[in-house]
Number of protein chains: 2
Amino acid sequence: MQNGKLPERATLRDVARLAGVSEISVSRVMRRAPHISDALREKVVVAANTLGYTPNRVAGALKTATSNLVAVVLPSMSNEVFPEVLDGIESVLSGHGLCPVLGITQYDSGRELEVVRELLSWSPVGIILTGLDQDAAIRRILLHQNIPIVQIMDVEGTPLHAAVGIAHGQAARDAAELLIERGYRKPAYIGAWAERPSRSRIRRQAFEARLAERGHPLVTAQISAKKSSVQTGAEVTQALLATHPAVDAIFYANDDLAIGGMFHCMKSGLAIPGDVGLLGFNGISFGQAAPIQLATIQTPRFEMGKRAASLLIEKNAAKGLIVDLGYRISVGSSL
Amino acid sequence: MQNGKLPERATLRDVARLAGVSEISVSRVMRRAPHISDALREKVVVAANTLGYTPNRVAGALKTATSNLVAVVLPSMSNEVFPEVLDGIESVLSGHGLCPVLGITQYDSGRELEVVRELLSWSPVGIILTGLDQDAAIRRILLHQNIPIVQIMDVEGTPLHAAVGIAHGQAARDAAELLIERGYRKPAYIGAWAERPSRSRIRRQAFEARLAERGHPLVTAQISAKKSSVQTGAEVTQALLATHPAVDAIFYANDDLAIGGMFHCMKSGLAIPGDVGLLGFNGISFGQAAPIQLATIQTPRFEMGKRAASLLIEKNAAKGLIVDLGYRISVGSSL
DNA sequence: CTGAAAGCGCTAACAT
DNA sequence: ATGTTAGCGCTTTCAG
């Protein structure tokens, strides 16, 4: 201290010495173990406060071979979807004294492997991943851990342990039916980010397939290379309508793009749904509160996070459980 | 194994035995230490793969007294702001092999104390907190750790180590000036969530004070008890305009509320800015892409996260450094 | 109710 | 280039 060194972080031993008790007693007090006399507790608390002692859970975790960390692997933070899922996850974890350790993959499976390795090295009590389509290398590593694995977003596939999500293919087929029911005959599709989110591709393909079955095939699908955003939605919609004026309805990969499309139409004086019908995906608040309420497929994002975290905690995850939370089609006034 | 027990997670020792080498050699291979023969590396890699070995960083961290975890304490995940900050943080951390461990406080300082304790117990290499106004108890604990502390969002105050943010009071005074310059004389303010975000209160007070100085005092401030949302913005705007028809401009606590106000006006046939001028705060994409571009104060959220993480890593954090990233007033077409 | 001893899995320091 | 030893800070087990 005198020579300018920063004070080292206090340990149990320091507290024990100052309090004049054994290390194990300090440990017991810090963990609120039962059968502790008030006198002992008092001495320990005073000493701990004096030293600004913070328990070292790294050491504790090593000894007990258990942590309060939960690995959470998400593809992106750049739209409303995954923050809401994370919010749901955190809301449950925090009630159980657990902390999320976060990995973002940017939809890159190489990065996902790194991230999973990194997170697993912290001995989390469980792991939440996005999607059912991890690489074989990732699956292998995951299954070597003795921890519950919950995969979120999708249910159409085989989970490693448990899955909580919705049926994206079914949702897209329903979208196709909806457009046809409503009398649309020249449907188009708009996506973004080169369809890196695999769920987008699945939805587009299912949408396209059902339209073809119903005899009103997709007029065009425009997949922007740019990241999904309101701005991108506006740009692509403008381009699409310019090159394909016959299009009478557009299904978007998500609401951000759809709202961009809506804004473009409003600025250009195009009537919604008179000139073109718009259908989004997700049901974010902006779309629902817009002057023309966006027709969309509502997905339970916060709930999905909560259920995923609950499954982890209840350790029901190893049962091949699939929780399909379903979606709700909100017809809005944009169709 | 035969009796149905799950296989224990493999350790260095297991790998070493299988490969017929020492534990330290396995350790060196796993950490890509220099001076390893190809023969040894090969043996170790094969054994590790066979066992599905994942390094146990808990043990490593205990030994080396250092981790690759960074504690990140945020108040909320429920609007665009903090996810963007987190995205910025993560983008820098991931490039350095660091993982964020997350704590959400819900703007509750009791919860913040718990969360900080919890996160610090994992020996993070640094901690990022929101705001400059932590309780004394929290500050005390933080200063007992020998790790860099970066506080984000605010710069008007005294940081524990370093701060990265913007001057909210100044921004609100500029907002007041802007309205007056533009000829507004009956300004109002709309906030939400009972002003739990302390920065909202600071902005409102600064806004109000400057308006008073300029001789055009605030007509009314409506603070909803509900959480901030587009929906809440619409509702409160409707109520405010009904009870205070003379109001000619509204400054909102954030863009979500302001966009709600905009949508309400569009639905009600009120002209923006003819009947009422709208000014938001944050500069989220929806507002900028809206048919009437929302006037707002652009805040650099992603950049703030990046700078905060960079400061942590560079260990410049202990220098009392204050990084004011500034804001940009975007006049839009709603004023 | 309190304490002493042992060791979790790994790696720095020191051999060889 | 590889191995041996010791110990990080805590908590489980076993004694008292």
Side-chain angles (χ1 to χ4, degrees), chain A residues 8-45 47-48 51-69 117-118 120-125 144-146, chain B residues 8-45 47-48 51-69 117-118 120-125 144-146:
Chain A
E8 292 297 318
R9 177 173 168 191
T11 67
L12 261 190
R13 188 195 221 98
D14 301 326
V15 179
R17 273 211 264 265
L18 182 58
V21 301
S22 69
E23 293 182 34
I24 184 66
S25 291
V26 179
S27 171
R28 287 186 179 123
V29 171
M30 297 314 293
R31 287 175 297 137
R32 302 165 211 290
H35 313 304
I36 301 288
S37 71
D38 290 351
L40 201 164
R41 187 193 319 282
E42 181 60 17
K43 280 190 285 187
V44 169
V45 167
L51 296 174
Y53 173 69
T54 321
N56 184 340
R57 215 163 191 145
V58 173
L62 177 60
K63 178 64 190 174
T64 60
T66 174
S67 76
N68 71 337
L69 301 176
R117 275 228 172 80
E118 202 58 64
L120 289 178
S121 76
W122 282 103
S123 305
V125 292
H144 267 285
Q145 316 292 328
N146 270 327
Chain B
E8 292 297 318
R9 177 175 167 189
T11 68
L12 262 190
R13 189 195 219 100
D14 300 327
V15 179
R17 272 211 264 264
L18 183 57
V21 302
S22 70
E23 292 182 35
I24 187 70
S25 292
V26 179
S27 172
R28 287 187 179 124
V29 171
M30 298 314 292
R31 287 176 295 137
R32 300 165 211 290
H35 312 304
I36 301 288
S37 72
D38 290 351
L40 200 165
R41 188 194 319 284
E42 182 59 18
K43 280 190 286 189
V44 169
V45 167
L51 297 173
Y53 172 69
T54 322
N56 184 339
R57 215 161 193 146
V58 173
L62 177 60
K63 176 64 191 174
T64 61
T66 174
S67 76
N68 70 337
L69 300 176
R117 274 226 174 80
E118 203 58 65
L120 289 179
S121 76
W122 282 101
S123 306
V125 291
H144 267 285
Q145 316 293 22
N146 271 326

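Convention: sequence-line order gives letters A, B, ...; per-chain numbering from 1.
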Asker: Could you state the atom-to-atom distance from CZ of A:Arg17 to C1' of D:dG9 in whole Å?
Answerer: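 Computing the A:Arg17:CZ to D:dG9:C1' distance gives 13 Å.
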Asker: From the options D:dT2, C:dG3, C:dT2, select the nucleotide whose nearest atom is closest to the side chain of B:Leu40.
Answerer: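 Closest nucleotide among those given: D:dT2.
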Asker: For B:Arg9 and C:dC10, is the shortest distance between a side-chain N/O and OP1 or OP2 below 4.0 Å?
Answerer: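 For C:dC10, OP1/OP2 do not have a side-chain N/O of B:Arg9 under 4.0 Å.
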Asker: Between B:Arg28 and D:dT2, is there a contact of a side-chain N or O with OP1 or OP2 at under 4.0 Å?
Answerer: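 Answer no for this pair, as no side-chain N or O of B:Arg28 is under 4.0 Å from OP1 or OP2.
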Asker: The side chain of A:Ser27 is closest to which nucleotide in this list: D:dC10, D:dT11, C:dG3?
Answerer: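 My answer, after comparing the listed nucleotides, is D:dT11.
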Asker: Is there side-chain contact between A:Ser123 and A:Leu69, with at least one heavy-atom pair below 4.5 Å?
Answerer: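 Sidechains of A:Leu69 and A:Ser123: no contact.
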Asker: Is any side-chain heavy atom of A:Arg28 less than 4.5 Å from a side-chain heavy atom of A:Leu40?
Answerer: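 Side chain of A:Arg28 against side chain of A:Leu40, heavy atoms only: no contact under 4.5 Å found.
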Asker: Could you tell me whether a side-chain N or O of B:His144 sits under 3.5 Å from a main-chain N or O of A:Tyr53, the two making a donor and an acceptor?
Answerer: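 No; judged by distance alone, with no hydrogens or angles, the pair does not exist.
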Asker: Rounded off to whole Å, could you give me the CZ-to-C1' distance for the B:Arg13 and D:dT5 pair?
Answerer: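 These atoms are roughly 13 Å apart.
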Asker: Need one value for B:Arg57: base, sugar-phosphate or nothing, where a base atom within 4.0 Å counts as base even if backbone is also close, heavy atoms only.
Answerer: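 Nothing, no nucleic acid heavy atom in range.
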Asker: Verify the contact: side-chain N or O of A:Tyr53 to OP1 or OP2 of D:dC10, cut-off strictly under 4.0 Å; return yes or no.
Answerer: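 Affirmative; the distance criterion is met.
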Asker: Any idea which heavy atoms bring A:Ala10 and A:Leu51 closest together, and the distance?
Answerer: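 The answer is CB-CB, 3.9 Å.
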Asker: Hey, is the main chain of A:Pro55 close enough, under 3.5 Å, to the side chain of A:Arg9 for a donor-acceptor pair?
Answerer: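 Indeed, once roles are kept as given, a pair shorter than 3.5 Å links the two residues.
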Asker: Would you indicate which nucleotide in C:dT2, D:dT2, C:dC10 comes nearest to any side-chain atom of B:Ile36?
Answerer: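 Of the options given, the side chain of B:Ile36 lies nearest D:dT2.
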Asker: Could you state the atom-to-atom distance from CE of A:Met30 to P of D:dT11 in whole Å?
Answerer: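 Whole-Å distance recorded here is 9 Å.
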Asker: Toward the 5' end of DNA chain D, which comes first, B:Ala59 or B:Gly20, by nearest nucleotide?
Answerer: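 It is B:Gly20, whose closest nucleotide lies nearer the 5' terminus.
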Asker: Which atom pair, heavy atoms only, marks the closest approach of A:Ala19 to A:Ala47?
Answerer: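 Reported closest heavy-atom pair: CB-CB, 3.8 Å.
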Asker: Using atom CD1 of B:Ile24 as one end and atom C1' of C:dT16 as the other, report the distance to the nearest whole Å.
Answerer: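 Distance, rounded to whole Å: 15 Å.
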Asker: When you get a sec, tell me which of D:dG3, D:dC10, C:dC1 is the closest nucleotide to the side chain of A:Leu12?
Answerer: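 The answer is D:dC10.
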Asker: How close do B:Leu12 and B:Ser27 get, heavy atom to heavy atom, and via which atoms?
Answerer: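 Minimum heavy-atom contact is CD2-N, 3.6 Å.
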Asker: Return the value, rounded to whole Å, for the distance between atom CG of A:Leu51 and atom P of D:dG9.
Answerer: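 From A:Leu51 CG to D:dG9 P: 14 Å.
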Asker: Tell me: CD of B:Glu23 to P of D:dA6, nearest whole Å?
Answerer: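 Answer to the nearest Å: 14 Å.
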Asker: Got a sec? Which of residues 60-68 of chain B come in under 4.0 Å of DNA chain D, heavy atoms?
Answerer: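 Output list: B:Leu62, B:Lys63.
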